[in-house]
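Scroll down for the structure; my scribbles are underneath it.
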Amino acid sequence: MVNTYDEIFDAALSLPPGLRAMLAEHLFKSLDAENQLEIDTLWAEEAEKRLQAINI
C-alpha cells in the first residue's frame, strides 16, 4: 500500500512527542551524506583551531 505524504504526516503527528522526536532524528540522519562523519570531524577540527587562535 502506498501512502500519500499527507497520510504519513498525519500519522506522524498522531505519535507521542518522544516518538515524533525519534522519527524526526531518524529522518534527519537519513539526509546525511555518505561521508558525514568525516565532514563533521573536519568541522570540529576547524572550530578547535579557530577557538585556539582566539584564546592566544
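Both backbone and side-chain heavy atoms feed into the values below; hydrogens, waters and symmetry mates do not.
Here the CD atom belonging to Gln52 is positioned 13.0 Å from the CZ atom belonging to Arg50, to the nearest 0.5 angstrom. One distance of note links NZ of Lys49 with CD of Glu46; it measures 5.5 Å at 0.5 Å rounding.
The number of heavy-atom neighbours closer than 6.0 Å to CD of Glu34, taken from other residues, nucleotides and ligands shown, is 12 or below.
The closest side-chain heavy-atom distance from Thr41 to Glu45 is below 4.5 Å.
Under the 4.5 Å side-chain heavy-atom criterion for ILVMFWY residues, no single connected hydrophobic cluster contains both Ile8 and Leu23. Under the 4.5 Å side-chain heavy-atom criterion for ILVMFWY residues, a single connected hydrophobic cluster contains both Tyr5 and Leu13. Residue Leu19 is grouped with residue Leu27 when hydrophobic side chains (ILVMFWY) are merged at heavy-atom distances under 4.5 angstrom, including chains of intermediate members.
A side-chain donor-acceptor contact under 3.5 Å links Glu7 to the backbone of Thr4.
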